[in-house]
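The structure appears below as structure tokens.
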Amino acid sequence: MNDDDDLIASFHSGQLHANVASVPDGLCWVSILSCLLLACSYVGSLYVWKSDLPRDHPAVIKRRFTSVLIVSALSPVFVWAWKDFTGIQPGPSLLALMGIRLEGLIPAIILPLLLTMVLFLGPLIQLAMDCPWGFIDGMKVVADPCFWSLCLSDMRWLRNQVVAPLTEEFVFRACMLPMLVPCAGPSTAIFTCPLFFGVAHFHHVIELLRFRQGTVSGIFLSAVFQFSYTAVFGAYTAFIFIRTGHLVGPVLCHSFCNYMGFPALSTALDHPHRLMILSFYVLGVVLFFLLIFPMTDLLFYGFPTPVCTLTSTPGSICS
């Protein structure tokens, strides 16, 4: 480590200890209960409307938009109440802790999304090979205002690409991680926070059972898979949030992953060009793990990031 690194580390350590000089007794219980209450409020808001219609019906989607947007707007109150109750006095503002700030905004918009696209290199290549449009035709469609007008008028598109990524990342990352990091540390918080996110998606089981969309065993197996997938994805966006200190990166990555869906490996194995596609699958995963720390280097986003100032044990995640 050179002199500049020593200076940065000393500054970082001093700022951390200044912000969290003493951790109150029972902090972890208060943090976990606050996160649990927040998760229950988010999921519970989806069911305040009584309806016999399925979840994809436009009327149901519109009502749920109202519910989750209200809960999301009230979520900072949970963080403020937690801060007031525990007596923790962070240096950064409440908005900065929740990833709403200007410093490092441009890299936070570009780099995490590029990193996620690298991970999906195989599916993207497969999508490009199977797409009936050429590159120029595709760009014309993207630049056409009518295309975006159709998207914005589609309630399912708005839910999957805009409202769900924005509200879920705001509630489950921006509001929960500032409460979990002082208690558990950044590394543990990254793997604790997604548990609330994963469990929150179990509510889909209720609707699948209610409308008898499959066998009971099939529905629960699907729920277990979804929990696992959303927990892993939640850990990734929690990592992005802590490393960049911005909300925008996780939101864009979430929207992109919702669009791509889970990689269709079975389709790739049956593809006429499967060797090439599978090679890109492997290359994407390798490049992702090689680039995950360089592309989320804290120096791009402002050192230290706001959430990292809440812990006295930053570890490799916050340094």
Side-chain angles (χ1 to χ4, degrees), residues 19-20 23-50 55 63-90 92-100 159 163-207 223 226-228 230-242 247 250-251 254 306-307 309-311:
N19 291 336
V20 288
V23 177
D25 293 335
L27 173 64
C28 286
W29 283 111
V30 175
S31 299
I32 291 171
L33 289 174
S34 298
C35 291
L36 185 60
L37 182 59
L38 195 51
C40 291
S41 299
Y42 186 92
V43 176
S45 73
L46 301 175
Y47 293 95
V48 296
W49 310 97
K50 291 184 179 181
R55 66 186 293 268
R63 290 170 184 169
R64 290 184 169 185
F65 280 179
T66 303
S67 300
V68 297
L69 288 171
I70 290 172
V71 171
S72 298
L74 294 175
S75 294
V77 175
F78 284 77
V79 187
W80 176 83
W82 166 87
K83 182 171 70 73
D84 190 62
F85 183 81
T86 59
I88 289 179
Q89 298 297 325
S93 67
L94 189 62
L95 285 177
L97 286 176
M98 294 188 298
I100 302 171
R159 178 191 63 193
V163 177
L166 179 61
T167 59
E168 288 179 2
E169 293 304 319
F170 184 71
V171 172
F172 289 93
R173 246 65 71 186
C175 291
M176 288 190 184
L177 282 169
M179 294 190 286
L180 291 171
V181 166
C183 156
S187 299
T188 304
I190 282 173
F191 294 102
T192 304
C193 187
L195 298 180
F196 298 101
F197 183 59
V199 169
H201 282 73
F202 262 105
H203 73 92
H204 294 310
V205 174
I206 300 171
E207 297 189 3
Q226 188 176 33
F227 170 79
S228 304
T230 53
V232 171
F233 172 77
Y236 171 58
T237 55
F239 173 87
I240 294 294
F241 180 84
I242 291 177
L247 174 63
V251 170
H254 193 148
V307 178
T309 64
L310 294 174
T311 177

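Keep in mind the model is a prediction, meaning the values are calculated, not measured.
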TODO: Any chance you could lay out the side-chain contact (heavy atoms from CB on, under 4.5 Å) test for Phe196 and Ile32, step after step, and finish with the verdict?
DONE: CA-CA 10 Å; Phe196 298 101; Ile32 291 171; 4.2 Å; yes

Task: Worked check of side-chain contact (heavy atoms from CB on, under 4.5 Å) between Phe78 and Met176 - done: CA-CA 9 Å; Phe78 284 77; Met176 288 190 184; over 6 Å; no

- [ ] May I have the step-by-step check of side-chain contact (heavy atoms from CB on, under 4.5 Å) for Ile88 and Trp82, ending in yes or no?
- [x] CA-CA 9 Å; Ile88 289 179; Trp82 166 87; 3.9 Å; yes

Task: Worked check of side-chain contact (heavy atoms from CB on, under 4.5 Å) between Phe170 and Ile100 - done: CA-CA 10 Å; Phe170 184 71; Ile100 302 171; 4.1 Å; yes

- [ ] Would you sort out whether Cys183 and Cys28 count as a disulfide (SG to SG under 2.5 Å), showing the intermediate values?
- [x] CA-CA 5 Å; Cys183 156; Cys28 286; 1.9 Å; yes

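With rounding to the nearest 0.5 angstrom, the CG atom of Leu180 is 9.5 Å from the CG atom of Leu27. The distance from atom CD1 of Ile190 to atom OG1 of Thr237, rounded to the nearest 0.5 Å, is 10.0 Å. Within the model, atoms CG of Leu38 and CG of Leu33 stand 12.5 Å from one another, a figure rounded to the nearest 0.5 Å. A distance of 12.5 Å separates CE of Met98 from CG of Leu177, quoted to the nearest 0.5 Å. Between the CG atom in Leu97 and the SG atom in Cys175 there is a gap of 10.5 Å [rounded to 0.5 Å]. Between the CZ atom in Arg63 and the OG atom in Ser45 there is a gap of 14.0 Å [rounded to 0.5 Å].
Across all non-hydrogen atoms, the minimal contact from Arg55 to Arg159 is O-NH1, 3.4 Å. When all heavy atoms of Val307 and Phe241 are compared, the pair lying nearest together is CG2-CE2, 3.4 Å. Annotation for Ala189 and Pro194: closest pair O-CD, 4.1 Å, computed over non-hydrogen atoms. Considering every non-hydrogen atom in both Pro90 and Leu310, the closest pair reads CB-CD2, 3.5 Å. For the pair Val79 and Met179, the tightest heavy-atom approach, listed with the atom from each and the gap, is CA-SD, 4.3 Å. Nearest heavy-atom pair, His254 versus Phe233, reported as atom, atom and distance to 0.1 Å: CA-CZ, 3.4 Å.
A donor-acceptor pair under 3.5 Å is absent between the side-chain atoms of Thr167 and the main chain of Leu69, judged by distance alone.
With sequence neighbours excluded, the residues satisfying side-chain hydrogen bond (donor to acceptor under 3.5 Å, both in side chains) with Trp49 are Ser67.
The number of heavy atoms from other shown groups lying within 6.0 Å of CZ (Phe191) does not exceed 12.
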